[in-house]
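Scroll down for the structure; my scribbles are underneath it.
Throughout, residue positions are numbered sequentially from 1 according to the sequence presented. Numbering of ligands and ligand atoms starts at 1, following listing order. What you see is a predicted model; the values in this text were computed from it and never measured.
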Amino acid sequence: MITILGAGAMGSALATPLRERGHEVRLWGTWLDDHLLNAVEAGKPHPRTNVPVPAGTRLFRSHELEASLTGSDICILAVASVGVEGVTRLAAPWLSTIGTLVVTSKGFITDESGTVQLLPESISTIFTSLGLDVPKIVAVGGPCKANEVAAGRPTATVYGSADIEEARRVGRAIQTENYRVEAITDYIGLEIAAPLKNVFAIALGFADGLAEITPEPWHNLRSAIFAQALREMSDITTDFGGDAATVYGLAGSGDLEVTGLSGRNKVYGARIGAGESASTALQAMIDAEQTVEGVPAVALAVALAAQRFSDASSRLPLLHAIQNVVDGQDSPLQELMAAALPRMIV
Ligand SMILES: NC(=O)c1ccc[n+]([C@@H]2O[C@H](COP(=O)([O-])OP(=O)(O)OC[C@H]3O[C@@H](n4cnc5c(N)ncnc54)[C@H](O)[C@@H]3O)[C@@H](O)[C@H]2O)c1
């Protein structure tokens with residue numbers, strides 16, 4: 001029996017491989033998900049994926065958290081990064097008993113002292129502070145769009161855990177012919193690449209936005225941004241003791257590619273590239289109920305970089321350029337060019 005916490009796009013999508021494998025699936029919606037569960041109960045496709053939730057998936061409302069978790073063997077946390085702390089605290093007593101927490105959420109979290117942490121660290125800290133046993137945490141990454149997972153299209157995903165046997169056990173339980181799992185120990189690289197690719201996808205989207213208005217492709221700039229994004233993700237990853245190979249594999253380059261092709265961060269960046277101000281573009285996304293996770297993530301990533309490197313802004317120019325663009329800098333094209341193109345040879 002598997003419980004999914006969060007009935008948004010990713011939470012509901014995972015019901016597809018899980019039901020295909022014959023698991024009993026419980027999908028718990030937060031207090032923000034009632035309209036989504038109403039649509040599913042009315043027999044409509046899930047509003048975020050446009051795909052019906054598979055038959056037999058049991059739906060639970062926010063006040064039914066205990067019932068959704070009691071007796072489960074695995075729990076999957078699929079809320080947006082802003083909800084991770086709150087939902088983990090609420091569910092912690094049952095999660096501690098279940099003993100395995102699979103995390104699809106992507107982001108950085110600031111602790112009480114203001115230090116930016118990777119998600120597994122901050123989740124572990126919540127359990128410790130509550131005096132509860134910390135469950136084994138398996139982080140999920142890779143190029144994995146929720147609507148395609150929901151539709152059962154071929155997907156390569158990465159499950160990372162310090163305990164490789166746990167990553168394999170969970171992967172073995174969830175994998176299907178079309179939803180394949182690569183198990184790795186380098187959860188650090190995965191947890192750094194996952195939120196950062198949302199940030200860098202804003203810059204990839206920016207190049208696409210330029211192409212909308214010129215109307216000529218800006219593929220050369222876009223590709224330079226892509227390569228620089230990988231360099232910077234790899235630099236941060238190795239500084240944390242992670243493996244650059246994770247960044248150049250599915251969890252980094254694969255996820256950056258898919259996130260730059262479609263999705264909310266890319267769309268937001270494209271709006272700016274097409275001439276909207278950063279604030280107008282963000283408001284349009286909020287009005288459309290589209291959370292742009294790359295926006296809070298860039299500020300946290302800049303803070304994280306400052307914790308690690310005294311020369312963070314020169315070492316990670318693209319990250320800092322995107323922060324400036326998101327902050328409304330007047331010349332986003334010049335910002336991104338300066339960060340992604342090689343320096344002039346002197
Ligand atoms: N959509 C994708 O293709 C995809 C792919 C891989 C990973 N993810 C990650 O999975 C997570 C969920 O993404 P999604 O696409 O399902 O988003 P979504 O917007 O469709 O759903 C968000 C979920 O988070 C919950 N939530 C939002 N704000 C909250 C808050 N303040 N407190 C408590 N709960 C809150 C919502 O109720 C909902 O259950 C994200 O971290 C995302 O990066 C998404």
Using residues 283-291 as the side-chain source, report each donor-acceptor pair under 3.5 Å to any protein atom, sequence neighbours left out, with the distance given to one decimal.
unit_1: Gln283; atom_1: NE2; unit_2: Asp287; atom_2: OD1; d: 2.9
unit_1: Glu289; atom_1: OE1; unit_2: Arg48; atom_2: NH2; d: 3.0

### Message
Could you tell me if the side chain of Leu59 sits less than 4.5 Å from the side chain of Val40, heavy atoms only?
### Response
yes
### Query
Is there a path from Val170 to Ile123 through hydrophobic residues (I, L, V, M, F, W, Y) whose side chains come within less than 4.5 Å of each other?
no
### Task
Go through the steps for Thr115 and Ser113 under the test side-chain hydrogen bond (donor to acceptor under 3.5 Å, both in side chains), then give the verdict.
CA-CA 6 Å; Thr115 305; Ser113 71; 3.0 Å; yes
## Note on the structure
In chain-and-number order, ligand 1 lies under 4.0 Å from a heavy atom of each of Gly6, Ala7, Gly8, Ala9, Met10, Thr30, Trp31, Leu32, Asp33, Arg48, Ala78, Val79, Ala80, Ser81, Val82, Gly83, Val87, Thr104, Ser105, Lys106, Cys144, Lys145, Ala146, Arg264, Glu293
Tabulate below the donor-acceptor pairs under 3.5 Å that side-chain atoms of residues 75-90 make, not counting sequence neighbours, or state none.
unit_1: Ser81; atom_1: OG; unit_2: Glu293; atom_2: OE2; d: 3.3
unit_1: Thr88; atom_1: OG1; unit_2: Val84; atom_2: O; d: 2.6

Enumerate donor-acceptor pairs with a distance under 3.5 Å from any side-chain N or O in residues 238-258 to protein atoms, sequence neighbours excluded.
unit_1: Thr238; atom_1: OG1; unit_2: Ser234; atom_2: O; d: 3.0
unit_1: Thr238; atom_1: OG1; unit_2: Asp235; atom_2: O; d: 3.1
unit_1: Asp239; atom_1: OD2; unit_2: Arg308; atom_2: NE; d: 2.7
unit_1: Asp239; atom_1: OD2; unit_2: Arg308; atom_2: NH2; d: 3.3
unit_1: Asp243; atom_1: OD1; unit_2: Ala245; atom_2: N; d: 3.0
unit_1: Thr246; atom_1: OG1; unit_2: Asp186; atom_2: OD2; d: 2.5
unit_1: Thr246; atom_1: OG1; unit_2: Asp243; atom_2: O; d: 3.3
unit_1: Ser253; atom_1: OG; unit_2: Tyr248; atom_2: O; d: 3.0
unit_1: Ser253; atom_1: OG; unit_2: Gly249; atom_2: O; d: 3.1
unit_1: Asp255; atom_1: OD1; unit_2: Thr259; atom_2: OG1; d: 3.3
unit_1: Asp255; atom_1: OD2; unit_2: Lys106; atom_2: NZ; d: 3.1

